[in-house]
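Note that the numbering runs from 1 along the sequence shown for the chain.
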Amino acid sequence: MKRYWEIDALRGLMLVLMTVTHLPTRLTDPLGQPFGFVSAAEGFVLLSAFVAGLVYSRIGHVRGVDSMRQAFWRRVLKVYLAQAATLLFLFTVITAVGLHIDQPAVKNLVSYYLAEPREGFIYGLLLIYEPALLDILPMYIFFMLMSPWVLAFAMRHGWTWVMVASATVWAAAQFGISEWVYGLAVRYLGVPVPFHEMGAFNTYAWQFLWFAGLCIGATRNDPGARPLRFPAWLLALAAGIALYGFYWRHTGINGQAPFGGDVELNLLFDKWQLGPLRLVNLVALGVLAVRFGPWLMRRIPRLRWLEAMGSASLPVFCAHLIAVLLVLAFYGDSQTARPWWGDGLLLAAVFSGMYFVARFTRGADVPPPADDVPSEPAPA
């Protein structure tokens, strides 16, 4: 299957932006949500879902649904092992350093584990306890576990009902379905982990973003698939929304909180709930990226270092987490702990390390092949 270097470059860019956001430096706030009220996490999840839909639906068409499921399971196992290794690094090395030098940033990060080490360890490996920064991969694993069943259904019956169901769950997430399910889990299963220790991302909301990306990627394999085209009025509307969001984000007096201290209004743009106005901003940026991205990519030099990181997104993502955890352990979470030149050296060192990991793991994170079998689609 042809590899899209543009997608790899975009994923590499998302990894760079996430690293800048997570590392406590003077650039954390200015480069957080740089294009409007949308973060790199949304772009990373959407692109990952697009690639998954593109690759695994191809396997389903060519080799059959059983082979597609097995490919998903192998990927899930790889991601789980990466999550478990990072979690163990946090619970051992980072926690030991944080306690030794009495680092508040680390003690806050693993407060539940320090209070309940046995439950923290077990429920961490079960992906129920999710310390901050380590809550993206568990969500990714959950989506990957659901994806083969959703893809198999969509291959037989189309995507309409899938997306209707996904949008319904997203809407329910805006009104507290995750808290309601958590209450049931505590009541009937005795889950001891506090709700706020189960990850900041609302999985019931973010699944809509994943399945939208999965749908777009999978439908690219349809025999009659045509390039995405948008009418002029939609492009103009998307440009207006994107420009206003960019202007508001960078000139508003409240920075990344569009409505300042108004909690209710900020929920409309909330990252963790994937608020409705945040989705509007994301769709506007997506429309412009699809329309003008190829034109732009043809006119700028290929950024092969971004491509390298994007093509090895899992090990590079874990490398960025390790770097952020080490910085938190030794420097804390202050964004002004170092001078400007110190921040520059830190970012250069971290990005160099991420690029080294990308080159070292080259070929280890490529999607499974689907073109070494006859082109006759297997029955679903």
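In this structure, OH in Y355 is found 14.5 Å from CG in L15, a value given to the nearest 0.5 Å. With rounding to the nearest 0.5 Å, the separation of CG in L303 from CG in D8 is 12.5 Å. Taken to the nearest 0.5 Å, the CG atom of L46 stands 5.0 Å off from the CG atom of L209. Taken from CG in L81 to SG in C318, the straight-line distance is 10.5 Å, to the nearest 0.5 Å. Rounded to the nearest 0.5 Å, atoms CG (L134) and CZ (F89) are 11.0 Å apart. For the atom pair CG of L267 and CH2 of W272, the computed distance is 13.5 Å after rounding to the nearest 0.5 Å.
Taking Ile, Leu, Val, Met, Phe, Trp and Tyr as members and joining any whose side-chain heavy atoms lie under 4.5 Å apart, directly or through other members, the hydrophobic cluster of W248 also contains F37, Y244, F259, L265, L268, F269, L277. Cluster partners of W180 are V169, I177, V181, L184, Y188, Y204, counting Ile, Leu, Val, Met, Phe, Trp and Tyr whose side-chain heavy atoms approach within less than 4.5 Å, directly or via other members.
Using a 4.5 Å heavy-atom cutoff, the side chains of E6 and P294 are not in contact. Considering only heavy atoms from C-beta on, P24 comes within 4.5 Å of L328 through its side chain. Annotation: side chain of L274 is not in contact with side chain of N202 (no heavy-atom distance under 4.5 Å). You'll find the side chain of F44 stays beyond 4.5 Å of the side chain of L17, heavy atoms only. For the pair I136/W206, no side-chain contact is recorded, criterion being any heavy-atom separation below 4.5 Å from C-beta on. Between S147 and Y56 there is no side-chain heavy-atom pair separated by less than 4.5 Å. Between L137 and F317 the shortest side-chain heavy-atom distance falls below 4.5 Å. Looking at W159 and S166, their side chains never come closer than 4.5 Å, going by heavy atoms from C-beta outward.
Placement of L347 and L345 in two distinct hydrophobic clusters is found when ILVMFWY residues are connected by side-chain heavy-atom separations under 4.5 Å, directly or transitively. No chain of hydrophobic side-chain contacts below 4.5 Å, direct or via other Ile, Leu, Val, Met, Phe, Trp or Tyr residues, connects W341 to L27. The cluster map of Ile, Leu, Val, Met, Phe, Trp and Tyr, joined by side-chain heavy atoms under 4.5 Å apart, puts L314 and F360 in different clusters. Cluster annotation: L243 and V280 are assigned to distinct hydrophobic clusters (Ile/Leu/Val/Met/Phe/Trp/Tyr, side-chain heavy-atom contacts under 4.5 Å, transitive). At a threshold of 4.5 Å between side-chain heavy atoms, the hydrophobic network of Ile, Leu, Val, Met, Phe, Trp and Tyr places F246 and L279 in two separate groups.
F330 CZ: 12 or fewer foreign heavy atoms inside a 6.0 Å radius. Around the CZ atom of F121, the shell of radius 6.0 Å holds no more than 12 heavy atoms that belong to other residues, nucleotides or ligands. In this structure, R226 places its CZ atom where only 12 or fewer heavy-atom neighbours from other residues, nucleotides or ligands lie under 6.0 Å away. Within 6.0 Å of the CZ atom in F356, the count of heavy atoms belonging to other residues, nucleotides or ligands does not exceed 12. Within 6.0 Å of the CH2 atom in W161, the count of heavy atoms belonging to other residues, nucleotides or ligands does not exceed 12. More than 12 heavy-atom neighbours from other residues, nucleotides or ligands sit within 6.0 angstrom of OH on Y182. No more than 12 heavy atoms of other residues, nucleotides or ligands lie within 6.0 Å of OH in Y247, so this atom counts as exposed by the packing criterion.
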Side chains of residues 98-107: which donor-acceptor partners sit under 3.5 Å, not counting sequence neighbours?
| unit_1 | atom_1 | unit_2 | atom_2 | d |
| --- | --- | --- | --- | --- |
| D102 | OD1 | K107 | NZ | 2.3 |
| Q103 | NE2 | A329 | O | 3.3 |

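For the pair H61 (side chain) and R58 (backbone), a donor-acceptor distance under 3.5 Å is absent. T95 places a side-chain N or O within 3.5 Å of a backbone atom of L90 that can act as its donor or acceptor partner. A distance-only check finds a donor-acceptor pair linking the side chain of Q174 to the backbone of Q273 [under 3.5 Å]. Distance alone, capped at 3.5 Å, is enough to place a donor-acceptor pair between the R249 side chain and the G32 backbone. Remark: side-chain polar atoms of T28 are paired, donor with acceptor, to backbone N or O of L23 under 3.5 angstrom.
The two atoms that bring P138 and E130 nearest to each other are CB-OE2, 3.4 Å, heavy atoms only. Taking every heavy atom of both residues into account, P148 and M68 meet most closely at O-CE, 3.5 Å. Shown here for A205 and W170, the closest heavy-atom pair between the two residues is O-CD1, 3.4 Å. Listed here is the closest heavy atom pair of G53 and L214: N-CD1, 3.4 Å. Of all the heavy atoms in V287 and L235, the pair that sits closest is CG1-CD2, 3.8 Å. Pairing each heavy atom of G260 with each of N266, the nearest pair is O-ND2, 2.7 Å.
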Does the side-chain contact (heavy atoms from CB on, under 4.5 Å) test come out yes or no for E179 and F195, once each step is laid out? CA-CA 8 Å; E179 292 85 349; F195 182 75; 3.8 Å; yes
Please report the C-alpha distance between M146 and F211 in whole Å, then the side-chain angles of each, then the deciding distance to 0.1 Å, and finally whether the side-chain contact (heavy atoms from CB on, under 4.5 Å) criterion is met. CA-CA 10 Å; M146 293 182 62; F211 289 120; 4.0 Å; yes
Evaluate side-chain contact (heavy atoms from CB on, under 4.5 Å) for V327 paired with Y331, printing each intermediate quantity in order. CA-CA 5 Å; V327 171; Y331 287 101; 4.2 Å; yes
I would like to know whether M297 and I300 meet side-chain contact (heavy atoms from CB on, under 4.5 Å); could you show each step before the answer? CA-CA 6 Å; M297 299 301 272; I300 62 174; 4.1 Å; yes
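With sequence neighbours excluded, no residue satisfies salt bridge (charged side-chain N to carboxylate O under 4.0 Å, His left out) with E197. Not counting sequence neighbours, the partners of D343 by the salt bridge (charged side-chain N to carboxylate O under 4.0 Å, His left out) test are R26, R338.
Among pairs with a residue in residues 268-293, those fulfilling salt bridge (Lys or Arg N to Asp or Glu O under 4.0 Å) read E42-R278, at least two apart in sequence or across chains.
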